[in-house]
Amino acid sequence: MSTPKRRPPPPPAPNVVAPAENSPPKPQVTLQEPSRKKNPSKSTKLFQRVRSVFRSFPVINPPCKMPVPIHDGHIHGGKQLTGTLFGHRKSRVNIAIQENPRCLPVLVLELSIQTGKLLQDMGLGLVRIALECEKHPTEKIKLMDEPIWTMYCNGRKAGYAVKRQVTDDDLKVIQMLHAVSMGAGVLPGDAADLPEGELTYLRAYFERVTGSKDSETYYMMNPDGNSGPELSIFFVRV
């Protein structure tokens, strides 16, 4: 009598990982896209050429110097933007530039200086940050599209600044501040981030003044409009 064949055991069930029930939902981003600039017209190009010619003339100092007009905290001729300094106190500070608080950032920089140190220096007086990069005649790249800069803070070399893409953490901060035009404070964070310090921010109006295709300056203005900027950021290509 033949022995019946045994059936092979069934294959093991695949390991299925259940989704975490307590995972925080991703915050909804309602920020708008920044406005797209149109190509300059022929009249605008002609005006820019004439202005560049006048800038090449020598500057003659008059006997009586007139003060630079500042009205309501704005520099005459500058474009007003929204700037936000944010980061954990013991980590590198980030600077986000927006057209207004409800738009996505047009520029995000990461500086090689701690957030707490920069805010402390700003509390003591005016802080001037100069960002320099090399000029490459063969490469046609816009000034604000340069990827890396040598950083100087109040005349002393302080490492580098890097332009980077907007991350989810950046969007989370900008989204939380979408209703804030000016102010400073501490944002809520997870307990795991406490070793790097609190997540702080400072938001203010910036005036952007374009000197040439190789130089641009951002002035952070005081809300009272009586004193000068607390922070100046100079971009220059040499």
Side-chain angles (χ1 to χ4, degrees), residues 34-35 37 40 44 47-49 51-59 61 65-86 93-101 103 105-113 118-119 121-136 141-164 181-182 202-238:
S35 61
K37 293 184 178 180
T44 303
F47 172 76
Q48 292 176 351
R49 291 178 182 177
R51 184 177 62 176
S52 62
V53 172
F54 275 97
R55 283 178 176 169
S56 63
F57 292 164
V59 177
N61 295 325
K65 297 183 179 180
M66 298 296 293
V68 178
I70 300 180
H71 303 286
D72 299 330
H74 302 292
I75 299 177
H76 180 68
K79 181 180 180 181
Q80 180 176 299
L81 299 170
T82 297
T84 308
L85 284 69
F86 64 96
V93 65
N94 304 286
I95 299 179
I97 302 296
Q98 303 164 260
E99 290 184 354
N100 59 68
C103 283
V106 296
L107 175 66
V108 176
L109 292 174
E110 181 178 330
L111 309 183
S112 57
I113 182 173
L118 178 58
L119 297 179
D121 292 344
M122 291 175 60
L124 299 176
L126 173 62
V127 176
R128 295 182 176 91
I129 295 178
L131 303 179
E132 296 183 359
C133 67
E134 295 183 1
K135 183 188 298 185
H136 300 281
I141 181 174
K142 294 182 179 180
L143 179 66
M144 306 312 296
D145 290 338
E146 294 285 353
I148 188 170
W149 308 77
T150 302
M151 176 179 168
Y152 298 86
C153 185
N154 288 341
R156 297 182 179 180
K157 189 174 181 180
Y160 296 90
V162 179
K163 177 186 177 181
R164 58 176 178 77
S181 57
M182 293 182 296
L202 188 151
R203 169 166 286 184
Y205 290 121
F206 278 71
E207 295 286 341
R208 183 182 67 188
V209 179
T210 302
S212 66
K213 65 178 182 178
D214 295 322
S215 65
E216 198 165 306
T217 307
Y218 289 77
Y219 300 96
M220 193 188 79
M221 307 305 297
N222 285 327
D224 54 13
N226 296 326
S227 56
E230 296 179 350
L231 174 66
S232 300
I233 306 176
F234 304 91
F235 294 85
V236 61
R237 190 158 45 190
V238 295

Heavy-atom closest pair (Gln98 atom, Cys103 atom, distance to 0.1 Å) is NE2-O, 2.6 Å

Going by side chain to side chain donor-acceptor pair (under 3.5 Å), name the residues that satisfy it together with Thr84, two or more places apart in sequence or in a different chain. Arg203

Mind checking the CZ-OG1 spacing from Phe234 to Thr217? Nearest 0.5 Å is all I need. 5.0 Å

Could you state the interatomic distance from CD (Gln80) to CG (Asn100), rounded to the nearest 0.5 Å? 10.0 Å

CZ (Phe86) and CG (Leu202) are apart, to the nearest 0.5 Å, by 12.5 Å

Under the rule for side-chain contact (heavy atoms from CB on, under 4.5 Å), what residues qualify as partners of Val236, not counting sequence neighbours? Glu132, Val238

Can you name the residues that form a side chain to side chain donor-acceptor pair (under 3.5 Å) with Tyr218, not counting sequence neighbours? Glu216

Can you tell me how far CD1 of Ile97 sits from CG of Leu81, rounded to the nearest 0.5 angstrom? 6.5 Å

Let me check something: any side-chain donor-acceptor pairs from residues 121-129 under 3.5 Å, sequence neighbours excluded? List them with distances.
from, atom 1, to, atom 2, distance (Å)
Asp121, OD1, Lys117, NZ, 3.0
Asp121, OD2, Lys117, NZ, 2.8

Closest heavy-atom pair and its distance - Ala161, Leu111: CB-CD2, 3.4 Å

Show the nearest heavy-atom pair for residues Glu99 and Ser35, with the distance to one decimal. OE2-OG, 3.0 Å

Do you know the tightest heavy-atom contact between Ser112 and Ala158? OG-O, 2.7 Å

Should Ser181 and Tyr205 be marked as a side chain to side chain contact (heavy atoms under 4.5 Å, CB included) after you check the CA-CA gap, both sets of side-chain angles, and the distance that decides it? CA-CA 8 Å; Ser181 57; Tyr205 290 121; 3.7 Å; yes

Working for side chain to side chain contact (heavy atoms under 4.5 Å, CB included), residues Arg164 and Asn94: CA-CA 10 Å; Arg164 58 176 178 77; Asn94 304 286; 2.8 Å; yes

side-chain contact (heavy atoms from CB on, under 4.5 Å) partners for Thr150, two or more places apart: Tyr152, Lys157, Tyr160

Could you pull out all donor-acceptor pairs under 3.5 Å where a side-chain atom in residues 141-149 meets a protein atom, sequence neighbours excluded?
from, atom 1, to, atom 2, distance (Å)
Asp145, OD1, Lys163, NZ, 3.0
Glu146, OE2, Arg237, NH1, 2.8
Trp149, NE1, Glu146, O, 3.4

With Lys135, which residues qualify under salt bridge (charged side-chain N to carboxylate O under 4.0 Å, His left out), at least two apart? Asp214

